[in-house]
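This report concerns only the one structure given below.
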Amino acid sequence: MEKKPKSKICKESVPMPKQKLEERIHNFNEVALGYTEEQAVAEAKRCLQCPEPKCAEGCPVDIDIQAFIKLIAERKFDEAIAKVKEKNSLPAICGRVCPQEEQCQNACVMGKVGDPVNIGRLERFVADYEMKKGAETPRKQAPTGKRVAVIGSGPAGLITAADLAKLGHEVVVFEALHKLGGVLTYGIPAFRMPKEIVQAEADYVRKLGVEIKLNALIGRLHTIPELLKNGFTAVFIGTGAGLPTFLGLPNESLGGIYSANEFLIRVNLMKSYAFPDYDTPIRVGEKVAVIGAGNVAMDSARCALRLGAKEVYIVYRRSRNEMPARAEEIENAEEEGIILKLLTNPTKFFGDEQGWVKQMECIKMRLGEPDQSGRRRPIPIESSEFIMNVDTVVIAIGRTPNPIIQRTTEGLQTTKRGTIIVDEETGQTSLEGVYAGGDIVTGEATVISAMGAGKRAARSIHDYLMNE
Amino acid sequence: MYRIVAMQTLAPQTKLIEIYAPEIVAKAHAGQFVILRVDEEGERIPLTLADWKPEANTITLIFQEVGVSTIKLGSLNVNEELCDVVGPLGNPTDVRNYGTVVIVGGGVGIAPCLPITKAFKKTGSRVISIIGARNEKLLILEREMRCICDEVHISTDDGSKGHKGFVSDVLNILIKKGYSIDIVYAIGPSVMMRAIAETTRPHKIKTVVSLNPIMVDGMGMCGACRVSVGGKVKFACVDGPEFDAHQVDFDQLIKRQRAFLAEERTALEHWEKCRGN
Ligand SMILES: Cc1cc2nc3c(=O)[nH]c(=O)nc-3n(C[C@H](O)[C@H](O)[C@H](O)COP(=O)(O)OP(=O)(O)OC[C@H]3O[C@@H](n4cnc5c(N)ncnc54)[C@H](O)[C@@H]3O)c2cc1C
Ligand SMILES: Cc1cc2nc3c(=O)[nH]c(=O)nc-3n(C[C@H](O)[C@H](O)[C@H](O)COP(=O)(O)OP(=O)(O)OC[C@H]3O[C@@H](n4cnc5c(N)ncnc54)[C@H](O)[C@@H]3O)c2cc1C
Ligand code: FES
């Protein structure tokens, strides 16, 4: 029998204040505005402070969740952020983009009687609180004189760099693009991940003494063996999964058909939403179809809307239950008027005389038996083809590992899918002193799993350096 | 930072820039390119290495001012700095002694031919070049090519210098004359490369072209540069930029290169207006 909740239990979580719907669909400012102090304290007080908390088990980086929430409830915000940062150097990022509903919040006991405590929003609150105040320079251990090269400045690379620097090692991060942050910068749009936040978190990493070298494509500019020969004792590879996948359908090369990565890189990294003040163009028509239903698809659809599209569709071959995006982002997208076309799969494209896409043929699908992924397999319904008029298509069906390191590093073992093979415990690759983690190892996953892998690798690299 | 060491006008709307970039110099190979950004608002502009000087630690690029990004680049002065330069990108040319190599450069495409020509010459190959432009004034690097090549042939569209017509016509003449050619390298406008591919196809002469589709990141992350080669999708930036000319779908390439024409015009007008004020 269910216990009757005590009267002081508040079943509903404090709602997140958001930018007004009519306004936000025309700008790239952050949609979720963050809790005020009062709201944060009220939400924190909902936590039951369970004797055996389940939430922490759901956290890939082991944040002492219960403790930091208690500190918020007591208005000890400085102590709360210090508690979070014991485990996570980049909380303003995680608080915004982690799939908390599948992790910590999924385990929260409050979820059984009402809404789980909104741990993500509380994490974001303390991180933003500190950022407004100006973060203190973190403490570091005495220099060890050892040098480590970190390749890639996404979440995996940044966390590894931060943890190793704290341990007193000298760290250089090599980033191929002209901005650091990986997907946080080039992929996730500003309305979900303001670029000042990424810069501020990166500044924290810099304050630890980490040197960040931009425009440095490893494999071409320096190879891994060269780094090891030239003063670096260990190397961490966090190069992510950025290589776009296409559908392989007829006429996919038409103008107006973008990979999600091209679309998002143009918009976020090159700021083409501010074209022509920024030089990189993007063309978005009136009717946009985004193929896929993950976070990348939601981000693309919501960018298209903000770039002036009249109708934006998410075209997905399975049903709502299988949509891989974060619940909050699906909700935001629907609220903004994105139309879901489920159980639908494109089959070919048609273009105009200039070579620009004008129509997309689709087929209806139904769900069959579960496949290897455990999700029900989509099956085409015969003769159910139909035509959608579209003038822009964004393909967001997945990304595979960036290939340059694998192609230029002899002896580095990889899987058939191109991911780098590592020892799960240590993150070590087939080469001595070379470690890897994040999307380059797992294939596309999450920010927090990339950070978890980075933290594990940092610990093993530290052991390796100290025993060397 | 990436300081400009030299800026020189080679021909109308065609400039040579030398940039201090010691790390890139150390790794540069014929056939590779760099991507640069002029300023914070700037596009990522891919340009092929035309030369590099280990003693001065500089790379040399030769570019045509065709739109806002290249005009902005051309408006800079010596000692100013570029915001970003990344490279070397792309696969180096597969340089071997093939016997007789014919190198065909059209317009500003002659520039990337220069290091390739040098590299082939070093292998002991016999190197014949065919260089062409719309008119004599636009013809660049003739002297440099003459210093390296065993033979240099010239064409201009208007006949102001050399053969009147296209570089593909000259190649055709050489083939007809019975030159034994083991491989052809062609770099220039896509229509020119297509013409060269069609010239050599019937004679089954191996032909390599360096493609220049629109690129964004230049490191395999966006797919903007996708081209169809032998019916397969290839990313020119990481799989190329050099491909077997007889396998390339040039029509598709040309269409994709024109995808943003309207926006490119808008950008130029906007920039000119801002500069006017
Ligand atoms: C649009 C989008 C939305 C997403 N939304 C979410 C979300 O809401 N929540 C969530 O948890 N996850 C989300 N993800 C997934 C998440 O962003 C990734 O799992 C995470 O960023 C992986 O981190 P990483 O450090 O392994 O790689 P990345 O973030 O991909 O960073 C890799 C970095 O390495 C650089 N690099 C690559 N090759 C080289 C080289 N040879 N030399 C030097 N540098 C190199 C790249 O330029 C890049 O900066 C999203 C992904 C995308 C694309
Ligand atoms: C691998 C590679 C090597 C190149 N090497 C040289 C070189 O050595 N010298 C030289 O003069 N040019 C070279 N180009 C072409 C050069 O990059 C473009 O002329 C330049 O980007 C045009 O930009 P814009 O803003 O000045 O002109 P725009 O007005 O924007 O465009 C003019 C035309 O240039 C092409 N273009 C536009 N943007 C890009 C882009 N991001 N990437 C590629 N092409 C684009 C388009 O076909 C467009 O129609 C190269 C291109 C590639 C891909
Ligand atoms: S330019 Fe982005 S993949 Fe080639």
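Remember, it's a predicted structure, so these values are computed and weren't measured experimentally. In what follows, chains are A, B, ... by sequence order, proteins preceding strands, each numbered from 1.
- Looking at A:Leu254, only its backbone comes within 4.5 Å of chain B, counting heavy atoms on both sides.
- The parts of B:Val238 that come within reach of chain A are both its backbone and its side chain, each placing non-hydrogen atoms under 4.5 angstrom from that chain.
- Contact of B:Glu40 with chain A is made through backbone and side chain together, with heavy-atom distances under 4.5 Å.
- Between A:Ser272 and A:Arg266 the shortest heavy-atom distance is OG-O, 2.8 Å.
- Among A:Leu264, A:Thr400, A:Leu269, A:Ile257, the residue making the largest number of heavy-atom pairs under 4.5 Å with chain B is A:Ile257.
- In this structure, B:Gln247 places its CD atom where more than 12 heavy-atom neighbours from other residues, nucleotides or ligands lie under 6.0 Å away.
- When each of A:Asp277, A:Asn402, A:Ile395, A:Leu217 is checked for heavy-atom pairs under 4.5 Å with chain B, A:Asp277 comes out on top.
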Under the salt bridge (Lys or Arg N to Asp or Glu O under 4.0 Å) criterion, do A:Glu444 and A:Arg399 qualify, and how do the steps go? CA-CA 7 Å; A:Glu444 53 180 330; A:Arg399 303 167 302 127; 3.3 Å; yes
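- Across B:Lys255, B:Arg258, B:Gln252, B:Arg44, the residue that shares the most heavy-atom pairs under 4.5 angstrom with chain A is B:Arg44.
- Scanning both residues, B:Gly74 and B:Glu65, for their nearest heavy atoms gives CA-OE2, 3.5 Å.
- Counting heavy-atom pairs under 4.5 Å between each of A:Gly242, A:Pro276, A:Gly351 and chain B puts A:Pro276 at the top.
- At a 4.5 Å heavy-atom cutoff, A:Glu175 makes no contact with chain B through either its backbone or its side chain.
- The environment of A:Lys348 atom NZ is sparse: at most 12 non-hydrogen atoms of other residues, nucleotides or ligands sit within 6.0 angstrom.
- The local environment of CZ in A:Arg283 is crowded, with over 12 non-hydrogen atoms from other residues, nucleotides or ligands closer than 6.0 Å.
- If you tally non-hydrogen atom pairs under 4.5 Å between each of B:Val85, B:Val227, B:Asp217 and chain A, the highest count goes to B:Val85.
- Judged by a 6.0 Å distance limit and a 45° cone about the ring axis, B:Arg226 is not positioned over the six-membered ring of B:Phe235.
- In this structure, the portion of A:Ile282 lying under 4.5 Å from any heavy atom of chain B is its backbone and not its side chain.
- Using a 4.5 Å cut-off between heavy atoms, B:Pro213 does not touch chain A at all.
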Please walk me through it: do B:Lys206 and B:Asp244 pass salt bridge (Lys or Arg N to Asp or Glu O under 4.0 Å)? CA-CA 8 Å; B:Lys206 184 173 171 177; B:Asp244 177 349; over 6 Å; no
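- The distance from atom CZ of A:Phe263 to atom CG of A:Leu307, rounded to the nearest 0.5 Å, is 5.5 Å.
- Side-chain contact of A:His222 with A:Asn230: a donor-acceptor pair under 3.5 Å is absent, judged by distance alone.
- Only the side chain of B:Ile214 comes within less than 4.5 Å of a heavy atom of chain A; its backbone N, CA, C and O stay farther away.
- In this structure, the portions of A:Leu243 lying under 4.5 Å from any heavy atom of chain B include both its backbone and its side chain.
- In this structure, the portions of A:Leu221 lying under 4.5 Å from any heavy atom of chain B include both its backbone and its side chain.
- Contact annotation for A:Phe246: only side-chain heavy atoms (C-beta onward) come within less than 4.5 Å of a heavy atom of chain B.
- Interface residue A:Arg407: only side-chain heavy atoms are found under 4.5 Å from chain B.
- Here the closest non-hydrogen pair linking B:Ile59 and B:Val25 is CG2-CG2, 3.9 Å.
- No other option in B:Cys83, B:Pro88, B:Ser69, B:Ala262 has as many heavy-atom pairs under 4.5 Å with chain A as B:Pro88.
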